[in-house]
Every structure is written in structure tokens, then in C-alpha cells.
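Data first, discussion second: the structure below is written as C-alpha cells.
Sequence positions, counted from 1, serve as the residue numbers for this chain. Read the numbers this way: they start at 1 and go in the same order the structure lists the ligands and their atoms.
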Amino acid sequence: MNRAKIISIGHYTPKKILTNTDLEKMVDTNDEWITQRTGIKERHIARIDEMPSDMGYEAAKEALEKANINPEDIDIILCGTVSGDYITPATACLIQAKLGAKNAFAFDISAACSGFIYGLSIAEKFILADNTKTVLVVATEKISNITNWEDRATCVLFGDGAGAAILKSSNDNSGIVASYLKTDGDLYDYIMLPGGGSKNPASLETVKNKQHYLTMKGNEVFKYAVTKMIESVEKVLVHSNWTKDDVNMIFPHQANIRIIDSIRKKINFDKDRVFININKYGNTSAATIPIAVSEALQSNKIKAGDKIVLVSFGSGFTWGALSLIW
Ligand code: UT7
């Protein structure tokens, strides 16, 4: 059976680390609160001159090197981001230029934390339509630029980073098995960046009102995230004809350790089959899942033939899950 397969994956995180202790000096917070309520100990913050396209380029370069593929061989570049270098052009276009992937067409996916899963699913459709295609899916975020560093309710949560995957057709049973993608736009204002778009164009007023930063109704988002990520895992297992015992490793979006633990308990998964690295990176939005998968491969936590599930939830609301045989 022909499937779309991730043939390599890379990631990049900026050098600078911001710890909870550092944050204690910036806002009224403490390491104990952040650790207990979120599971985060530290996050990586991009340099002032380091853009999402630069981080995405680094992650993509690593994925290309691992797959031994030239940039000219890429047909399509998809980039999940909500913090791109510009509103237009797409960050995917800038990554195309940096790589010299001159035969590719490129566009961004605005699905917030679900951007990587949405991107993999779109890539799959291109590959199933034409099995000669090579697709690069990047997720890159500089959330530190859209964070209100005076708001303790949000600034402790996020971090910067990027991941990138290369997909090609496979005929050995490995690859994407099923996906389940959902959106509820009625809840658009639960996590949002109010200023800078057409609704509230940039003005002195929007700057004064701090409308160029992320806002979030944390408690409500928490409940939805748990419910919808459980729903996604259950649906994708049914679509894959798998039971939970078939799954070797699940990669949940890293937004809060308590969200991950609630999901794990509800679907009755052992701890060692749920990948967690939120302690090191915080919530890097679309980039959490590719960074996690890339790290899991580096530490031999997944191997060829393993059945894995990726599951996400984010602004929009967007959510979903994807099952793969590695
Ligand atoms: O990636 C997209 C998806 N995003 C998410 O899934 C995020 C979902 N939401 C969450 O993870 C959690 O709701 C938060 C981590 C954002 C907040 O945790 P919480 O347990 O829901 O806390 P809370 O908002 O109910 O606040 C509890 C208390 C409040 O004080 P009072 O009113 O009880 O006196 C807050 O003011 O904690 C206070 N608080 C803080 N205290 C110390 C809020 N932020 C902080 C802080 N340090 N950084």
C-alpha cells in the first residue's frame, strides 16, 4: 500500500535559555507555581535578529542532510507558523529562498499549535495524488515576539523553536495511516492576537493597548484542550483500526503537563509511552510536535515499524491527531 512517509526530521532551538528563576525577576511569579501548574522549567528564546525563517531553515537543513536530499529536489514547502517574519510574504517562501529550493512552491498554514499536524495531512494528500513528490513540512515559531512580557498569565508558558520533516511516498506499509482534523471557529477569541490584522490594523492605539500580544482564556482553553485531544486520539485510533495497546508512543502538543497527564490517565496510557519535553522548551506552538519527534529519534525512543500518534490543540480552535507507522 502506498503511504506518505516522514523519511527524516530535524529540529532547531535557539541558544538562549530563559529559566523560571529568570522569570521571577521579570514578573510576580515563582518556579514552584510554574513547575506545578505547567511542568515548564525553562524555554529557549530566539536572538533579536533570529527570525522564524532562520530557525525553520536550520531545522529543514538538518532534515535534508539526514535524508541526503538536495534542496532542488523539494517540490512543496509547507510552513506552520503564527509568528512568521511578515504577514506577507509567507515564511515558507523565505525558507524556500534560504534553502535554494528553487523548484518548490511554498505557502504557510495558519493553524496555530495544530500547524504541523495540518501540514503533514496536506503533504500526505499531495503525495497520494502524485507519488513522485517530495514535501518539506516546517513548523517554526518565535512566540517570544508576540508575548506580553508583563503578563505573568501568559509569558511563563511559551518558547521559540522549529522542527521540519521531509515526506515522500513509501510502499512498505510505513507512513501516515489516518488523520482526524477539526476546527471550531466560534471559539476564535479564546486564544488570539487581536492587533495587526485588518480588524485592528497597527496604530498607536493598538500598541498602547498591547493588542500585538497573545491573549488567552487559560482555564477555558485547558478544558477544551483536554476534551478535544482525547476525542482526537480516540477517533484516529478507530480510523487506523488500532487499539491503544497497538501504539508504541504518543506525541501530544506540549502546552501544559497537566493537560498531558489528564489525557494520559483518561485514555489509560503508561507514562513511558507518552513523550514529554515541555520542561525544556515550554509551548513552542506548531513546533512542539516535530521537536519532540526529532528528539525521540535522537534518543532511540522510536524505531522503524513503531506505531505512533501525534495529537494537538490550539488557537482557532484547531485540533486533531495523526497516526503513523514509523
Ligand atoms: O497551545 C495552545 C493551547 N494552550 C493551552 O492549552 C493552555 C491552557 N491553559 C493552561 O495551561 C492553564 O490554564 C494556565 C497554565 C494558563 C493557567 O493555569 P491555571 O491552573 O488554570 O491557573 P489560573 O489561571 O486559574 O490561575 C490561578 C491563580 C490565579 O490567582 P488567584 O486568582 O487564584 O489569586 C492567577 O492570578 O494563579 C495566578 N497566576 C500566577 N501565579 C504565579 C497566574 N499566572 C501566574 C504565574 N505565577 N505565572
Side-chain angles (χ1 to χ4, degrees), residues 18-43 80-83 109-118 139-144 146-161 163 181-185 187-193 213-233 251-264 266 274 276-279 281-292 310-321:
L18 185 71
T19 65
N20 292 349
T21 316
D22 296 330
L23 278 163
E24 287 176 2
K25 295 170 199 134
M26 296 162 64
V27 284
D28 180 14
T29 191
N30 55 76
D31 175 46
E32 193 189 350
W33 191 96
I34 304 171
T35 306
Q36 283 181 1
R37 298 287 181 127
T38 72
I40 302 165
K41 292 301 268 184
E42 55 190 38
R43 65 289 289 145
T81 187
V82 289
S83 54
I109 299 161
S110 180
C113 306
S114 305
F116 186 68
I117 287 186
Y118 276 36
T140 182
E141 300 281 18
K142 188 174 181 179
I143 304 293
S144 61
I146 52 171
T147 296
N148 178 356
W149 290 102
E150 292 170 359
D151 175 17
R152 70 175 183 173
T154 53
C155 76
V156 303
L157 304 174
F158 298 101
D160 301 334
L181 308 180
K182 296 297 266 187
T183 297
D184 187 350
L187 306 177
Y188 75 95
D189 60 347
Y190 279 53
I191 312 173
M192 74 183 306
L193 203 160
Y213 299 125
L214 279 174
T215 61
M216 180 166 70
K217 298 177 186 171
N219 276 303
E220 289 90 336
V221 175
F222 189 106
K223 288 176 218 145
Y224 270 93
V226 171
T227 312
K228 298 303 182 187
M229 285 164 82
I230 291 170
E231 168 194 295
S232 301
V233 173
F251 291 88
H253 171 51
Q254 311 278 311
N256 188 319
I257 191 74
R258 291 184 296 132
I259 294 178
I260 298 172
D261 277 343
S262 305
I263 298 166
R264 186 180 61 73
K266 185 75 206 307
V274 179
I276 290 168
N277 63 3
I278 189 172
N279 51 314
Y281 303 117
N283 180 350
T284 56
S285 182
T288 67
I289 290 176
I291 292 173
L310 317 178
V311 56
S312 191
F313 182 87
S315 164
F317 285 148
T318 58
W319 66 94

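At the top of the distance list for atom 22 (O) of ligand 1, counting protein heavy atoms only, stands Arg37 NH1, 3.5 Å. The closest protein non-hydrogen atom to atom 29 (C) of ligand 1 is Arg152 NH2, 4.8 Å. Counting protein heavy atoms only, atom 15 (C) of ligand 1 is closest to Asn256 ND2, 3.6 Å.
Of the protein's heavy atoms, none falls inside 4.0 Å of atom 31 (P) of ligand 1. Within the 4.0 Å cut-off (strictly below), a protein heavy atom is located near atom 19 (P) of ligand 1. There is a protein heavy atom closer than 4.0 angstrom to atom 43 (C) of ligand 1.
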Can you check side chain to side chain contact (heavy atoms under 4.5 Å, CB included) on Phe158 and Leu214, steps first, answer last? CA-CA 10 Å; Phe158 298 101; Leu214 279 174; 4.1 Å; yes
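Using a 3.5 Å distance cut-off with no hydrogens or angles, the side chains of Thr38 and Asn256 do not pair a donor with an acceptor.
The OG1 atom of Thr227 sits 10.0 Å away from atom CD1 of Ile259, with the distance rounded to the nearest 0.5 Å.
For Asn30, there are no side-chain hydrogen bond (donor to acceptor under 3.5 Å, both in side chains) partners two or more places apart in sequence or in a different chain.
At least one heavy atom of Val156 lies less than 4.0 angstrom from ligand 1.
For Lys217, the NZ atom sits in a packed shell: over 12 heavy atoms of surrounding residues, nucleotides or ligands are nearer than 6.0 Å.
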